[in-house]
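So that the names make sense, note that chain A is the first sequence line, chain B the second, and so on, each numbered from 1. Here the structure is a predicted model, which is why all the values come from computation and not from measurement.
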2 protein chains.
Amino acid sequence: MTKATPEPASNKGAYHHGELREALVRATRQLVVERGAENFTLADACRLAGVTTAAPYRHFRDKQEILEELVARGFDDMSERSRVAVESHGEGTIEGIRAMGQAYVQFAVDETAMFRLMFGQNPALKKAADVVARGQSCFANVINQVALYCQREGIQANAPEIAVELWTFVHGAASLLIDEDYEKVAPGLDVQRLIENVTPRLLRVATTRDP
Amino acid sequence: MTKATPEPASNKGAYHHGELREALVRATRQLVVERGAENFTLADACRLAGVTTAAPYRHFRDKQEILEELVARGFDDMSERSRVAVESHGEGTIEGIRAMGQAYVQFAVDETAMFRLMFGQNPALKKAADVVARGQSCFANVINQVALYCQREGIQANAPEIAVELWTFVHGAASLLIDEDYEKVAPGLDVQRLIENVTPRLLRVATTRDP
DNA sequence: CCCCTAAGTAAGCGACGCTAACATATGTTA
DNA sequence: TAACATATGTTAGCGTCGCTTACTTAGGGG
């Protein structure tokens with residue numbers, strides 16, 4: 001675990017930092033990405049931002065609250081990725097829905113530490129109001145796309161139920177992938193392909209077997 | 001976070017504990033179950049076992065190594081549950097395979113802290129040789145049952161591939177359930193029912209829609 | 001211009017993981 | 001049975017962490 005080296009303070013030499021709150025969130029994000037949320041210390045973020053370890057408490061209640069801020073931003077990122085995936089593959093199409101799932105996994109791969117923070121086991125972190133709201137809005141996108149798909153294809157089905165099934169599968173895939181649990185058992189597994197194969201079945205579409 | 005109150009040492013008043021290694025593992029398990037692995041401290045385990053905080057280092061390299069021991073035992077428990085589920089529902093049957101999945105989720109519910117430790121993000125913990133071996137053996141059970149099922153039903157399919165799909169779905173369900181991510185979005189969801197509904201489709205069996 | 005408040009620092013508390021040095025049991029061997 | 005070697009405890013202490021209290025400084029409004 002190497003030490004954090006201070007970045008040049010934006011307000012060099014000044015007693016007041018000027019934008020410490022934002023600087024701390026940036027430092028926290030960087031450290032969480034570099035070393036994982038488990039190994040993140042507030043003290044390191046302070047060193048990186050060039051302030052003493054007492055300074056954050058003027059802007060955040062405690063360590064937890066900085067992480068909440070980070071998690072909320074993470075859901076925004078994920079929503080944006082989801083939106084892009086759907087738009088570029090067609091609203092309410094099976095390809096669009098599949099692309100959403102693949103974007104979910106890709107987010108977990110690209111932003112592993114953030115994903116773990118967002119869906120990890122820290123209960124207090126996830127009960128924050130803005131975190132809950134953003135999570136719900138993320139899932140609402142999935143329901144909407146599935147409902148649209150069912151409507152377009154004239155399929156008689158319960159969209160929220162199907163959305164839950166899709167989410168469950170895709171979340172399992174993302175988790176097992178980034179936690180390297182697949183490696184022990186199915187090394188080299190192509191997870192994007194896995195989702196491609198399973199999505200139709202979860203959408204109640206019969207497919208010919210894949211080679 | 002309440003303090004741990006010491007259990008009566010097995011070897012009362014003696015300078016040597018007698019079975020400290022085992023006592024520490026027991027204390028660790030209890031504390032992990034009570035407060036979660038994140039909040040577990042070695043010092044608490046020492047108090048519970050009635051020894052000083054330096055004592056564990058005669059039996060374990062570090063805190064991590066006690067947790068490895070715990071994880072290994074967790075996989076044994078899970079294997080056992082899996083075995084029982086299959087035996088009581090029929091080897092190589094769709095019911096047996098479904099029961100395995102449900103047992104997986106039930107384990108996560110009953111032993112949430114253990115499940116999180118076993119599939120959590122601590123990389124060092126999961127690379128221990130005995131942990132890897134036990135995980136593989138657990139998964140091998142699934143493959144065997146799927147292969148047996150395919151053979152009995154005369155289905156031409158890739159058993160490991162199907163097993164991965166089943167594991168993925170069931171793991172996603174367990175994770176989202178215990179992390180209370182479903183609650184925000186689909187409160188009161190019946191996860192065992194969810195698995196019941198999806199298992200046939202993952203086994204490539206067409207089913208009539210569930211009500 | 002003065003004063004109030006916002007936002008930083010300094011110092012310190014208790015807890016943690018871990019280590020080094022010391023003490024005491026245990027059991028093997030002469 | 002006495003002496004030694006080793007296994008297994010304790011005591012004391014280091015550095016770090018999250019967080020609090022009391023002090024200091026900067027900046028804006030009367």
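- Checking D/dG9, C/dC16, D/dG18 against the side-chain heavy atoms of B/T41 singles out C/dC16 as nearest.
- Atom CD of B/E38 is separated from atom P of C/dG17 by 13 Å (rounded to the nearest Å).
- Side chains of A/E34 and A/Q30: a donor-acceptor N/O pair is present below 3.5 angstrom, by distance only.
- To the nearest 0.5 angstrom, B/Q121 atom CD is 8.0 Å from A/I178 atom CD1.
- The distance from atom CG of B/D44 to atom C1' of C/dA15 is 10 Å, rounded to the nearest whole Å.
- At whole-Å resolution of the value, NZ in B/K63 and C1' in C/dT19 are 17 Å apart.
- Judged by distance alone, the side chains of B/N197 and A/E165 never bring a donor and an acceptor atom under 3.5 Å apart.
- Side-chain atoms of A/T41 and A/D44 form a donor-acceptor pair, as typed in the model, at a separation below 3.5 Å.
- Atom CD1 of B/I66 and atom P of C/dC18 are 10 Å apart (whole Å).
- The side chain of A/L42 approaches D/dC19 more closely than any other nucleotide in the set D/dT11, C/dC18, D/dC19.
- Listed candidates were D/dT10, D/dC19, D/dC17. Nearest to the side chain of B/R58 is D/dT10.
- The rotation axes computed at either terminus of the helix from C/dC1-D/dG30 to C/dA30-D/dT1 lie 20° apart, taking five pairs at each end and rounding to 10 degrees.
- When the side-chain nitrogen and oxygen atoms of A/H59 are compared with OP1 and OP2 of C/dG8, one or more of them lie within a distance under 4.0 Å.
- When the P atom of D/dG9 is taken as reference, atom CG of B/L20 falls 5 Å away, rounded to whole Å.
- To the nearest angstrom, P of C/dG8 lies 11 Å from CZ of A/F60.
- Positionally, the nearest nucleotide of DNA chain C for A/V51 lies more toward the 5' end than for the other of B/Q64 and A/V51.
- Rounded to whole Å, the distance from CZ on A/R61 to P on D/dT20 is 10 Å.
- Ring geometry for B/F119 against B/F75 counts as perpendicular: the plane angle is over 60°, on a 0 to 90° scale with 30° as the lower cut.
- Across the protein-nucleic acid pair, B/R47 atom CZ and C/dG14 atom C1' stand 11 Å apart, rounded to whole Å.
- Ring-plane geometry between B/H171 and B/Y104 is classed as perpendicular, the angle between the planes exceeding 60 degrees on a 0 to 90 degree scale with a lower cut at 30.
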Quiz item: Would B/N144 and B/E91 count as a side chain to side chain donor-acceptor pair (under 3.5 Å) if you check the C-alpha gap in whole Å, the side-chain angles of each, and the deciding distance to 0.1 Å?
Solution: CA-CA 9 Å; B/N144 287 341; B/E91 302 244 355; over 6 Å; no
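- Contacts of A/A43 with the nucleic acid, taken as non-hydrogen atoms under 4.0 Å apart, involve only primed sugar atoms and P, OP1 or OP2.
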